[in-house]
Amino acid sequence: MPPIVGIRFRSVGRVYHYDAPSCPDLQVGEFVLVETQYGLQVGEVVQRLEPPPEPPEEGWREVLRRASAADLTLRRLIQQKEAAALVNCRAKAAALGGYEGVKFVAAEISLDERFLTILYNIEEGRPEMRPLLHAMRRLYPKMKVDFRRIGPRDVAKLLGGMGACGMEERCCSRFLTEFSPISIKMAKAQGISLTPTEITGMCGRLRCCLIYEYEIYVEAHKTLPKLKKRVKTPEGEGKVVDLYPLKQVVVVELDGMRREFHRDKLEPWDENEAQRRATLPPCANGDCPRRLDNGAQPVGS
């Protein structure tokens with residue numbers, strides 16, 4: 001039975017699955033020719049799915065054949081034409097005017113040179129692309145020219161460069177094939193400063209790395225008391241003022257001083273005892289038991 005292979009068209013791009021009946025002995029690392037919605041393309045085999053999964057409703061697309069040395073040489077020549085097409089597109093946009101807020105990021109030309117796709121990004125609004133589209137079609141009459149809008153994270157991935165954290169290469173350009181939804185609560189759960197420069201990537205969006213350890217922190221928090229709750233410690237009762245989830249350490253305020261305790265050394269405060277103390281009459285000499293703040297709850301409540 002022919003294998004289902006995963007094929008990637010960019011070094012860190014999305015993986016697409018194809019059937020390979022014409023070359024069942026395909027191995028990871030080989031290059032093949034496939035037909036895509038944007039024309040004929042050369043892709044690299046990065047997976048062999050054995051046993052093959054259930055096919056989608058529309059069926060599997062098929063690998064046409066292995067890529068030859070001539071195909072790979074042609075692909076390098078096409079890449080040079082892509083660079084020239086991007087320069088021409090930017091020049092036409094500048095000549096026409098009205099595209100000041102548009103960032104033209106990349107051009108993609110199919111191996112058979114039937115399709116030319118310009119990838120662009122704009123933060124706000126929707127520019128009128130028809131004048132530029134007509135200008136590019138006159139410049140490339142033998143190709144089907146199209147413009148495709150991409151998001152800011154895709155722009156950062158394509159352009160590459162140093163990450164906001166100081167790493168020499170951005171995560172999206174190095175190993176992320178797809179982008180996960182990121183929210184501000186992920187930074188809060190990990191105790192990360194919410195200063196924009198601390199949580200924002202080079203793309204201007206929340207950093208993708210905020211999701212890496214998020215689930216670990218969520219699970220760690222489940223075993224710890226909540227902030228501002230009263231707890232019993234080996235040195236007396238106090239209020240939780242800080243947490244170190246990965247260390248399973250709780251910072252407790254005792255008589256104005258802060259102490260660190262492992263969660264195993266803490267006990268929940270007895271709510272009934274808290275209520276009893278709250279109902280005690282005022283002490284004349286001030287020598288009365290320490291009272292809890294209103295609404296005190298046991299650890300982890």
**Message:** Are Met167 and Met162 packed together at the side-chain level, in the sense that at least one heavy-atom pair is separated by less than 4.5 angstrom?
**Reply:** no

**Asked** Checking Arg263 side chain against Gln248 main chain: does a donor-acceptor pair fall under 3.5 Å?
**Response** no

**Request:** Decide whether a cation-pi geometry holds between Lys265 and Phe261; the criteria are a distance under 6.0 Å from NZ or CZ to the six-membered ring centre and an angle within 45° of the ring axis.
**Result:** no

**Fill in**
Paired with Val5, the side-chain contact (heavy atoms from CB on, under 4.5 Å) test is passed by just one of Asp19, Val63, Val46, namely Val63

**Asked** Rounded to the nearest 0.5 Å, what separation is found between the CG atom of Leu139 and the NZ atom of Lys92?
**Response** 5.5 Å

Kindly list each side-chain donor-acceptor pair under 3.5 angstrom involving residues 129-138, sequence neighbours excluded, with atom names and distances?
residue : atom : partner : partner atom : Å
Arg130  : NE   : Glu128  : OE2          : 2.8
Arg130  : NH2  : Glu128  : OE1          : 3.2

**Message:** Using side-chain heavy atoms (C-beta onward) and a distance below 4.5 Å, is Lys226 in contact with Val240?
**Reply:** no

**Exam field: side chain Thr223 to backbone Ala220, donor-acceptor pair closer than 3.5 Å** = yes

**Message:** Testing the basics here: between Leu72 and Ala67, what is the closest heavy-atom pair and its distance to 0.1 Å?
**Reply:** CD2-CB, 4.3 Å

**Residues Val250, Leu224; criterion side-chain contact (heavy atoms from CB on, under 4.5 Å); working and verdict** = CA-CA 8 Å; Val250 179; Leu224 297 175; 4.0 Å; yes

**Request:** For the pair Glu82 and Arg75, find out whether any cationic side-chain nitrogen is under 4.0 Å from an anionic carboxylate oxygen.
**Result:** yes

**Request:** Might you point out which heavy atoms bring Glu113 and Met143 nearest each other, and give the distance in Å?
**Result:** O-CG, 3.3 Å

**Item:** Note, Lys232 side chain near Pro268 side chain (heavy atom, < 4.5 Å)
**Value:** no

**Asked** Going by heavy atoms in the side chains, are Pro127 and Ile122 under 4.5 Å from each other?
**Response** yes

**Message:** With heavy-atom distances below 4.5 Å as the criterion, would you say the side chains of Cys209 and Ile211 are in contact?
**Reply:** no

**Message:** How close do Ile182 and Cys208 get, counting heavy atoms only, and between which atoms?
**Reply:** CD1-O, 3.9 Å

**Side-chain (Arg205) to main-chain (Arg153) donor-acceptor, under 3.5 angstrom** = no

**Request:** Could you tell me whether a side-chain N or O of Gln190 sits under 3.5 Å from a main-chain N or O of Ala187, the two making a donor and an acceptor?
**Result:** no

**Fill in**
By side chain to side chain donor-acceptor pair (under 3.5 Å), Glu35 pairs with (sequence neighbours left out) Arg114

**Message:** Could you check whether any side-chain heavy atom of Met257 comes within less than 4.5 Å of a side-chain heavy atom of Arg259, counting everything from C-beta outward?
**Reply:** yes

**Fill in**
Rounded to the nearest 0.5 angstrom, the NZ-CZ distance for Lys103 and Arg90 is 10.0 Å

**Request:** Report, as yes or no, whether the 6.0 Å neighbourhood of atom CD on Glu124 holds more than 12 heavy atoms from other residues, nucleotides or ligands.
**Result:** no

**Prompt:** If only atom types and distance count, is the side chain of Thr117 paired as donor or acceptor with the main-chain N or O of Tyr38 below 3.5 Å?
**Reply:** no

**Message:** salt bridge (Lys or Arg N to Asp or Glu O under 4.0 Å), that's the test. Do Arg65 and Asp71 meet it? Break it down for me.
**Reply:** CA-CA 11 Å; Arg65 59 177 173 83; Asp71 295 325; 2.7 Å; yes

**Prompt:** Backbone N or O of Gly13 within a donor-acceptor pair of the Arg8 side chain at under 3.5 Å?
**Reply:** yes

**Complete:** Correct closest heavy-atom pair for Gly39 and Ser110 would be CA-CB, 4.0 Å

**Request:** Report yes or no: does His221 contribute a side-chain atom to a donor-acceptor pair with the main-chain N or O of Ala189 at less than 3.5 Å?
**Result:** yes

**From Leu246 atom CG to Leu243 atom CG, the distance as rounded to the nearest 0.5 Å** = 11.5 Å

**Asked** Of all heavy-atom pairs between Arg61 and Thr36, which one has the smallest distance, and what is that distance?
**Response** NH1-CA, 3.3 Å

**Request:** May I ask whether Leu96 and Phe104 are part of the same hydrophobic cluster, defined by side-chain heavy atoms of I, L, V, M, F, W, Y residues being less than 4.5 angstrom apart, directly or through others?
**Result:** yes

**Message:** If you define the side chain from C-beta out and look only at heavy atoms, does anything of Glu62 sit under 4.5 Å from Ser22?
**Reply:** no

**Message:** Given 3.5 Å as the limit, does a donor-acceptor pair link the side chain of Asn121 with the main chain of Ile150, or not?
**Reply:** yes

**Message:** Any non-hydrogen side-chain atom of Ile192 less than 4.5 Å from a side-chain atom of Ile199?
**Reply:** yes

**Item:** Salt-bridge contact Arg10-Glu108 (side-chain N to carboxylate O under 4.0 Å)
**Value:** yes

**Request:** Find the distance between CG (Leu176) and CZ (Arg14) and round it off to the nearest 0.5 Å.
**Result:** 15.0 Å

**Asked** Aromatic rings Tyr16 and Phe9: how do their planes relate, parallel, tilted or perpendicular, breaks at 30° and 60°?
**Response** tilted

**Asked** If you measure from the Lys or Arg side-chain nitrogens to the Asp or Glu carboxylate oxygens, is any gap between Arg66 and Glu44 under 4.0 Å?
**Response** no

**Item:** Heavy-atom neighbours of Glu168 CD exceed 12 at 6.0 Å
**Value:** no

**Prompt:** For the hydrophobic clusters of this structure (ILVMFWY residues joined by side-chain heavy atoms under 4.5 Å, transitively), does one cluster hold both Val105 and Val102?
**Reply:** no

**Prompt:** Would Ile7 and Val15 satisfy side-chain contact (heavy atoms from CB on, under 4.5 Å), going step by step from the backbone distance to the final call?
**Reply:** CA-CA 5 Å; Ile7 296 175; Val15 176; over 6 Å; no

**Message:** Using a strict threshold of under 4.0 Å (side-chain N to carboxylate O), is an ion pair present between Glu237 and Arg230?
**Reply:** yes

**Request:** Verify, without hydrogens or angle tests, whether Arg148 (side chain) and Tyr120 (backbone) share a donor-acceptor contact under 3.5 angstrom.
**Result:** no

**Prompt:** With no hydrogens and no angle check, is any side-chain donor or acceptor of Lys157 less than 3.5 Å from a backbone partner on Val12?
**Reply:** yes

**Shortest non-hydrogen contact from Leu26 toward Ala20** = CD1-CB, 3.9 Å

**Asked** Rounded to the nearest 0.5 Å, how far apart are CD1 of Ile78 and CD of Gln41?
**Response** 9.5 Å

**Fill in**
One should read off an interatomic distance between Lys144 NZ and Phe115 CZ, to the nearest 0.5 angstrom, of 5.5 Å

**Message:** Under 4.0 Å between a side-chain nitrogen and a carboxylate oxygen: does that hold for Arg207 and Glu198?
**Reply:** no

